[in-house]
Chemist: 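Let me give you the structure first, and then I'll get to my questions.
Along the sequence shown, residues are numbered consecutively beginning with 1. Quick caveat, the model's predicted, so the values are computed rather than measured.
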Amino acid sequence: MQRTRTTRLWIFAAISLAALAASWAAFGWMVLSVGGLRAQLATTTDERDLARAKAAYAQTLKEILSDTASDRAQLSELADASAVSIVSLIRGAATDAGADASITSIAPGTLTVGGRSVETLTVDLTAQGSFAEDYRLLTLLEALPVPLAIDSVSLDQRGATKGAPWTMTVELAVYTETADATGQ
C-alpha cells in the first residue's frame, strides 16, 4: 500500500513536470510568434514608408522634368517684386522669427548674368535677439518667395553675461526683375 502511494506520487510529479514543460514550451512559442509578428509588422511598415518616399521622390522628379517654358514664366512673375513687397516680406520674416530687426539700407543695382542685366535691390538688415531668433530669421530669409542671395552674415554677442543678446547683420541681394523666361 505504501509502495502504491509512492508510485502514485511519482506519477503525479512526472505528469506535473511534463505539464509544466509543455506550458513553458507553449509560452516560449507564443513569445517567439509575437516577436516574429512584431518584426514582420515593423519590416512591412518600413517597406511601406520606403515605397511612399520613393513615390514622392518620383513625383517630385517628374514635376521637375516636366518643367516647361510657361512654368518658368510663372516663376519669373515671382521675381518681379517691388521694394515695398520685399521690405514687407523681410519684416514679416523678422516678426515670425521673434527678432527685433530693422533695415538699415536698401539700394537698387544691376547684375549681369549671361549677358543679360538683372535688376537687384541690396538690402542691409540688422537684427537683435537670442541666437535662436537670429538663426531662425536667417532661415526664414532663405525661404522667402523671391529670388535672393545672402551675400554676408555677421553674428556678434555683446556682453559676456549668459543670455546677452546677439546682433546679426545680413546683406541680401534680391533679384527684382529678370530676363524673359523664354530666353528672349
Side-chain angles (χ1 to χ4, degrees), residues 42 45-183:
T45 303
D46 289 344
E47 288 172 354
R48 189 177 327 121
D49 291 345
L50 182 61
R52 284 184 187 149
K54 283 182 179 179
Y57 177 73
Q59 180 64 29
T60 302
L61 191 58
K62 183 179 179 183
E63 289 172 3
I64 291 170
L65 293 176
S66 68
D67 187 23
T68 62
S70 64
D71 293 334
R72 287 189 299 274
Q74 289 174 354
L75 289 176
S76 76
E77 289 174 11
L78 283 176
D80 296 332
S82 69
V84 174
S85 65
I86 290 168
V87 168
S88 175
L89 287 170
I90 292 171
R91 285 188 177 155
T95 301
D96 290 347
D100 181 22
S102 62
I103 295 175
T104 55
S105 73
I106 186 165
T110 58
L111 179 67
T112 304
V113 178
R116 296 201 172 109
S117 291
V118 177
E119 291 183 21
T120 63
L121 282 178
T122 301
V123 180
D124 292 331
L125 172 77
T126 301
Q128 192 169 23
S130 68
F131 182 84
E133 291 168 343
D134 288 348
Y135 185 77
R136 173 93 172 125
L137 174 58
L138 188 60
T139 303
L140 291 174
L141 289 174
E142 288 180 322
L144 288 178
V146 292
L148 60 85
I150 296 177
D151 292 333
S152 68
V153 177
S154 171
L155 277 169
D156 185 30
Q157 187 176 29
R158 302 282 184 213
T161 61
K162 185 176 183 177
W166 288 78
T167 301
M168 178 176 69
T169 55
V170 180
E171 183 179 326
L172 304 167
V174 182
Y175 306 108
T176 58
E177 189 176 304
T178 61
D180 186 359
T182 59

Chemist: Counting C-beta onward and ignoring hydrogens, is there a side-chain heavy-atom pair between Thr120 and Val174 closer than 4.5 Å?
Modeler: no
Chemist: So, using side chain to side chain donor-acceptor pair (under 3.5 Å) as the criterion, who are the partners of Asp100 when residues are at least two apart?
Modeler: none
Chemist: I need the minimum non-hydrogen distance between Phe131 and Trp166, along with the two atoms involved.
Modeler: N-CD1, 3.4 Å
Chemist: Distance-only check: which donor-acceptor pairs under 3.5 Å involve side-chain atoms of residues 138-151, not counting sequence neighbours?
Modeler:
residue : atom : partner : partner atom : Å
Thr139  : OG1  : Tyr135  : O            : 3.0

Chemist: Does the Thr95 side chain pair with the main chain of Arg91, one donor and one acceptor, at a distance under 3.5 Å?
Modeler: yes
Chemist: Would you please name every residue forming a side-chain contact (heavy atoms from CB on, under 4.5 Å) with Ser130, sequence neighbours left out?
Modeler: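 For Ser130 the side-chain contact (heavy atoms from CB on, under 4.5 Å) partners, ignoring immediate neighbours, are Ala132, Glu133.
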Chemist: Can you name the side-chain contact (heavy atoms from CB on, under 4.5 Å) partners of Thr167, sequence neighbours left out?
Modeler: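 side-chain contact (heavy atoms from CB on, under 4.5 Å) list for Thr167, sorted by chain: Thr126, Gln128, Arg158.
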Chemist: Output all residues satisfying side-chain contact (heavy atoms from CB on, under 4.5 Å) with Ala127, sequence neighbours left out; order by chain, then residue number.
Modeler: Ala99, Ala101, Asp134, Leu137, Met168
Chemist: Begin from the C-alpha positions of Asp124 and Thr169 and carry the test side-chain contact (heavy atoms from CB on, under 4.5 Å) through to its verdict.
Modeler: CA-CA 7 Å; Asp124 292 331; Thr169 55; over 6 Å; no
Chemist: Heavy-atom distance under 4.5 Å between the side chains of Ile86 and Leu121, does that happen here?
Modeler: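 Result yes, sub-4.5 Å side-chain heavy-atom pair found.
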Chemist: Just jot down the side chain to side chain donor-acceptor pair (under 3.5 Å) partners of Ser152, sequence neighbours excluded, or say none.
Modeler: none
Chemist: To the nearest 0.5 Å, tell me how far Ile90 CD1 sits from Leu125 CG.
Modeler: 6.5 Å
Chemist: Any sub-3.5 Å donor-acceptor pair from Gln157's side-chain atoms to Ala164's backbone N or O?
Modeler: yes
